[in-house]
Amino acid sequence: MIQRPTILLVAPTFYDVSYSINPWMDPQAWARDPRGMHRQATRAFAALRQALADAGFAVEVAAGAPGLPDMVFPANAAVVLDGKAVLARFRYAQRSGEEAPFAAIFEALRTRGWLDSVVQLPAGCFQEGAGDCIWDAARGHFWAGFGPRSSRAAADEMARHFAREVVALELATAHSYHLDVCFCPLAGGELLYYPPAFSADALQAIRARVPARLRIEATEDDLRHFSVNAVNLDDQVVMTRTTPHLRTELTRRGYRLHEVDLSPFMLSGGGAYCMTLRLDRTSVAPSARGAVAA
Ligand code: ARG
């Protein structure tokens with residue numbers, strides 16, 4: 001498996017916003033100027049790629065496929081840990097066509113020695129990749145979102161495949177349709193999250209595991225800027241152009257922000273994290289990393 005911090009991106013060649021499967025998606029806004037929008041998306045993608053490199057990542061760019069505009073969000077394609085990729089099963093027909101091309105992409109990564117194994121989930125169990133199953137490096141377990149997209153049962157499947165604890169969190173609103181829209185664990189043990197996105201049980205589970213001093217509550221404005229959807233490596237954070245609130249809060253806690261204008265992708269309901277997939281994550285014990293106890 002690959003050792004250094006490595007991110008998979010998918011080129012935006014075939015990206016557009018032509019359907020709507022979440023409340024942020026705005027095909028009409030895209031249709032007003034598709035060529036201009038596509039040009040902007042290409043520029044935004046290049047800026048994201050550069051910001052990820054500046055933050056210390058190696059970046060691998062896979063090709064997309066015509067008719068599958070949301071392939072540009074590989075966070076939804078698989079969950080990857082310890083060299084194993086568990087392929088996603090999409091809830092909506094608009095995206096399930098991505099399963100075959102993504103399977104080919106992950107097989108190719110395995111052939112190159114970047115992954116050790118690539119496995120499938122049972123049929124009927126929806127699971128939308130790392131967007132709904134987020135590794136918390138400081139605590140050494142997954143958090144799994146369920147409800148709008150992924151099935152509750154997917155959390156148990158992940159626990160079985162990776163032999164790691166998976167804490168299931170019910171998502172209670174259509175706007176936070178994937179966990180990564182409203183939930184971002186950071187390297188220092190902080191959790192950036194948007195409380196109104198969660199069921200009462202989910203909030204209780206979060207607060208039982210993350211002490212108050214490490215909880216950073218995002219505002220509705222932060223959510224609308226897709227700022228919770230951030231990519232973190234040590235003290236580096238790559239995110240969409242953020243709000244004064246989060247800029248101050250994260251900087252105060254010692255993080256260095258790389259802000260990128262990703263508005264053409266926010267029109268599809270995505271930010272920086274959605275557009276990436278970490279390929280090198282390992283389940284190394286939190287104590288080995290000097291993580292913060294809850
Ligand atoms: N249009 C895409 C969808 O609704 C956006 C996916 C964004 N990805 C994410 N991990 N939140 O599926």
Side-chain angles (χ1 to χ4, degrees), residues 10 15-30 68-79 87-99 102 121 124-135 142-155 157-158 166-185 191-203 205-206 217-231 239-240 262-277:
V10 174
Y15 176 66
D16 65 22
V17 185
S18 49
Y19 54 76
S20 180
I21 54 172
N22 73 59
W24 306 97
M25 290 182 86
D26 193 345
Q28 273 152 19
W30 184 275
L68 297 170
D70 280 342
M71 273 188 83
V72 78
F73 302 113
N76 298 124
V79 180
L87 299 177
R89 286 196 187 276
F90 290 90
R91 182 172 292 269
Y92 291 119
Q94 287 91 336
R95 294 201 68 181
S96 55
E98 296 175 30
E99 289 172 19
F102 271 125
L121 282 172
C125 177
F126 298 115
Q127 202 291 321
E128 298 203 351
D132 258 342
C133 190
I134 301 180
W135 180 250
F142 280 113
W143 301 89
F146 71 94
R149 297 290 180 90
S150 301
S151 316
R152 170 69 183 81
E157 285 293 329
M158 290 299 147
V166 179
V167 180
L169 301 174
E170 185 174 11
L171 299 171
T173 69
H175 277 90
S176 291
Y177 61 96
H178 281 139
L179 182 62
D180 64 4
V181 174
C182 55
F183 188 95
C184 180
L191 173 68
L192 171 59
Y193 76 123
Y194 180 62
F198 295 93
S199 72
D201 282 357
L203 278 181
I206 292 169
E217 302 206 341
T219 64
E220 195 186 335
D221 194 33
D222 301 333
L223 192 83
R224 264 194 279 109
H225 281 75
F226 274 87
S227 290
V228 185
N229 195 260
V231 183
M239 66 194 335
T240 52
L262 293 176
S263 40
F265 299 100
M266 287 158 67
L267 217 52
S268 188
Y273 180 95
C274 306
M275 296 181 68
T276 65
L277 183 66

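Quick note: residue numbers are just sequence positions, from 1.
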Do [X] and [Y] come within less than 4.5 Å of each other through their side chains, counting heavy atoms only?
X	Y	result
F183	F198	yes
Y194	E220	yes
F226	L262	no
M239	D222	no
T173	P196	no
M158	L121	yes
Q127	C133	yes
F126	D132	no

Reported [atom1]-to-[atom2] distance for the pair [X] and [Y], which is rounded to 0.5 angstrom:
X	Y	atom1	atom2	result
E128	R89	CD	CZ	12.5 Å
M25	Q94	CE	CD	8.0 Å
N76	M71	CG	CE	11.5 Å
L169	S150	CG	OG	12.0 Å
C184	I134	SG	CD1	7.0 Å
D201	I206	CG	CD1	11.0 Å

**OP:** Evaluate the side-chain contact (heavy atoms from CB on, under 4.5 Å) criterion for residues F73 and S268: first the C-alpha distance (whole Å), next the side-chain angles of each, then the deciding distance (0.1 Å), finally the verdict.
**Re:** CA-CA 10 Å; F73 302 113; S268 188; 3.5 Å; yes

Which atom of [X] lies closest to which atom of [Y], heavy atoms considered:
X	Y	value
P148	F146	CD-O, 3.6 Å
D180	C274	OD2-SG, 3.8 Å
A218	P195	O-CD, 4.1 Å
P185	W143	CG-CD1, 4.4 Å
V181	H175	CG1-O, 3.8 Å
R91	G147	NH2-O, 3.8 Å

**OP:** Please lay out, stage by stage, how W24 and M266 fare under the test side-chain contact (heavy atoms from CB on, under 4.5 Å).
**Re:** CA-CA 7 Å; W24 306 97; M266 287 158 67; over 6 Å; no

Subject >> side-chain contact (heavy atoms from CB on, under 4.5 Å) evaluation trace for E98 with D70 >> reply: CA-CA 8 Å; E98 296 175 30; D70 280 342; 3.4 Å; yes

**OP:** Return yes if some donor-acceptor pair links the side-chain N/O of D16 with the main-chain N/O of P69 below 3.5 Å, else return no.
**Re:**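 Checked: no pair found.
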
Original post:
Could you walk me through whether T240 and F265 pass the side-chain contact (heavy atoms from CB on, under 4.5 Å) check?
Top reply: CA-CA 10 Å; T240 52; F265 299 100; over 6 Å; no

Subject >> Test applied, side-chain contact (heavy atoms from CB on, under 4.5 Å); reference residue, Y193; option that passes from L203, V228, L223 >> reply: L203

Original post:
Under 30°, 30 to 60°, or over 60°: which ring-plane class applies to W30 and Y15, parallel, tilted or perpendicular?
Top reply: perpendicular

